[in-house]
There are 2 protein chains.
Amino acid sequence: MRGFGRGTGAFGRRWVELYLLLLIAEKPSHGYELSTRLKDFGVMIPGIGQMGSLYRILSTLEMSGLVATDWDISEGGPARKVYKITKEGLSFLEDAMESVYALKTNIEKFIERYEALKKRE
Amino acid sequence: MRGFGRGTGAFGRRWVELYLLLLIAEKPSHGYELSTRLKDFGVMIPGIGQMGSLYRILSTLEMSGLVATDWDISEGGPARKVYKITKEGLSFLEDAMESVYALKTNIEKFIERYEALKKRE
DNA sequence: GGCTCTTATATGATATAAGCATATATATAA
DNA sequence: TTATATATATGCTTATATCATATAAGAGCC
């Protein structure tokens with residue numbers, strides 16, 4: 001059993017997809033930039049330790065029509081594939097927020113119960 | 001891409017392990033009972049839709065020494081494999097709480113940023 | 001020019017986990 | 001005797017995560 005919050009298995013794939021959708025909705029970005037913006041959230045996310053996974057997740061988002069892409073060659077250096085949110089992506093995110101709120105409640109319940117357990121000892 | 005909070009991919013495996021450790025720490029239980037106690041948390045958890053996955057996760061917890069088991073044949077009906085937390089399990093849970101608190105902060109940040117995005121539109 | 005570093009995207013191979021079906025078995029209720 | 005609830009467990013297939021590697025542009029250095 002591996003640890004938590006140390007880059008392996010901290011979240012599930014679905015959550016990473018939501019994080020990416022939010023980041024892209026805030027501002028269109030390319031994959032490499034998204035990896036650094038993800039780190040700013042402060043909790044390690046699975047499949048992101050290695051860039052390969054991130055690109056694969058972005059591909060699935062693109063294939064399912066939640067994001068669209070443009071190649072940006074204006075900056076010099078290697079070409080950048082810039083992801084932007086679609087209407088479908090925004091409404092998917094909106095629908096998914098229900099689960100995010102539920103998760104928050106859930107985590108709070110978890111903490112509450114853990115602390116009750118601690119007191120009991 | 002499948003949905004969230006509908007039994008598929010809502011959490012990661014590592015979180016399920018934590019939930020199970022907390023439940024078992026609160027009260028020793030057998031697998032079948034744990035599946036119903038998990039549902040009481042209100043958010044669907046991956047690998048738990050089907051009982052098979054739950055038993056496999058419990059096996060890994062047992063193999064790694066975080067829980068110990070006893071067979072209970074006192075109640076009638078099929079024998080029950082009762083899981084109880086070990087010292088190692090408790091200290092693992094304690095260490096992991098750091099990640100749980102971080103997740104809470106993280107989710108709050110997510111919600112905050114989503115709501116800021118909504119206002120901007 | 002050749003060397004290394006950072007930025008940037010992507011795929012191959014393998015290990016782990018999730019999801020679905022199924023097997024086994026005891027007791028109770030209809 | 002048939003069905004239902006309880007109870008544990010494994011086989012198989014697909015999906016995901018992890019690790020390694022390939023490709024390539026530009027920048028800085030010597």
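Order of the sequence lines sets the chain letters (A, B, ...), proteins ahead of strands, with each chain counted from 1. All values below come from the heavy atoms of this structure, side chains included, with hydrogens, waters and symmetry mates left out. Bear in mind the structure is a predicted one, so any value in this text is a computation, not a measurement.
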| query | Atom CH2 of A:Trp15 and atom C1' of D:dA15: how far apart are they, to the nearest Å? | reply | 19 Å
| In whole angstroms, how far is the C1' atom of D:dT18 from the CD1 atom of A:Ile57? | 12 Å
| message | What is the separation between atom CG on A:Leu58 and atom C1' on C:dA8, rounded to the nearest whole Å? | response | 13 Å
| message | For B:Asp70, give me all partners under side chain to side chain donor-acceptor pair (under 3.5 Å), at least two apart in sequence or on another chain. | response | B:Lys84
| query | For C:dA10, does either OP1 or OP2 sit under 4.0 Å from a side-chain N or O belonging to A:Tyr55? | reply | no
| When you check the phosphate oxygens OP1 and OP2 of D:dT6, does a side-chain N or O of B:Tyr32 lie under 4.0 Å from one of them? | yes
| remark: Rounded to whole Å, the CE-C1' distance (B:Met63 to C:dA17) equals 13 Å
| query | Going by modelled atom types, is there a donor-acceptor pair between the base of D:dG11 and the side chain of B:Arg56 at under 3.5 Å? | reply | yes
| task | Mind calculating the distance between CZ (A:Arg80) and C1' (C:dA10) to the nearest angstrom? | result | 17 Å
| Among pairs that include at least one residue of residues 102-121 of chain A, which meet ring pair (Phe, Tyr, Trp, His ring centres under 6.0 Å), considering only residues two or more places apart or in two chains? | A:Phe110-B:Tyr19
| Could B:Glu115 and B:Lys119 be called an ion pair, given the rule that one side-chain N must be under 4.0 Å from one carboxylate O? | no
| query | In whole angstroms, how far is the C1' atom of C:dA8 from the OH atom of A:Tyr83? | reply | 11 Å
| task | Would you kindly give the CD-to-P distance between A:Glu17 and D:dA15, to the nearest whole Å? | result | 13 Å
| task | List in numerical order all residues of residues 68-79 of chain A for which some heavy atom is under 4.0 Å away from an atom belonging to DNA chain C. | result | A:Trp71, A:Pro78, A:Ala79
| field | side chain to side chain donor-acceptor pair (under 3.5 Å) involving A:Arg113 - partner list, sequence neighbours excluded | value | B:Glu26
| Is the backbone of B:Gly65 close enough, under 3.5 Å, to the side chain of B:Thr86 for a donor and an acceptor to pair up by distance? | yes
Between protein and nucleic acid, restricted to nucleotides 1-5 of chain C and to nitrogen or oxygen atoms under 3.5 Å apart, what atom pairs and distances do you find?
none

| message | Whole angstroms only, please: what is the NE2-P distance between B:His30 and C:dA25? | response | 19 Å
| said: Applying side chain to side chain contact (heavy atoms under 4.5 Å, CB included), can you list everything that pairs with A:Glu112, at least two apart in sequence or on another chain? | reply: none
| Taking only residues two or more places apart in sequence or in another chain, which ones pass side chain to side chain contact (heavy atoms under 4.5 Å, CB included) with B:Ser29? | B:Lys27, B:Glu33, B:Leu34, B:Arg37
| Residues in side chain to side chain donor-acceptor pair (under 3.5 Å) with A:Asp95, at least two apart? | none
| field | side chain to side chain donor-acceptor pair (under 3.5 Å) partners for A:Glu98, two or more places apart | value | none
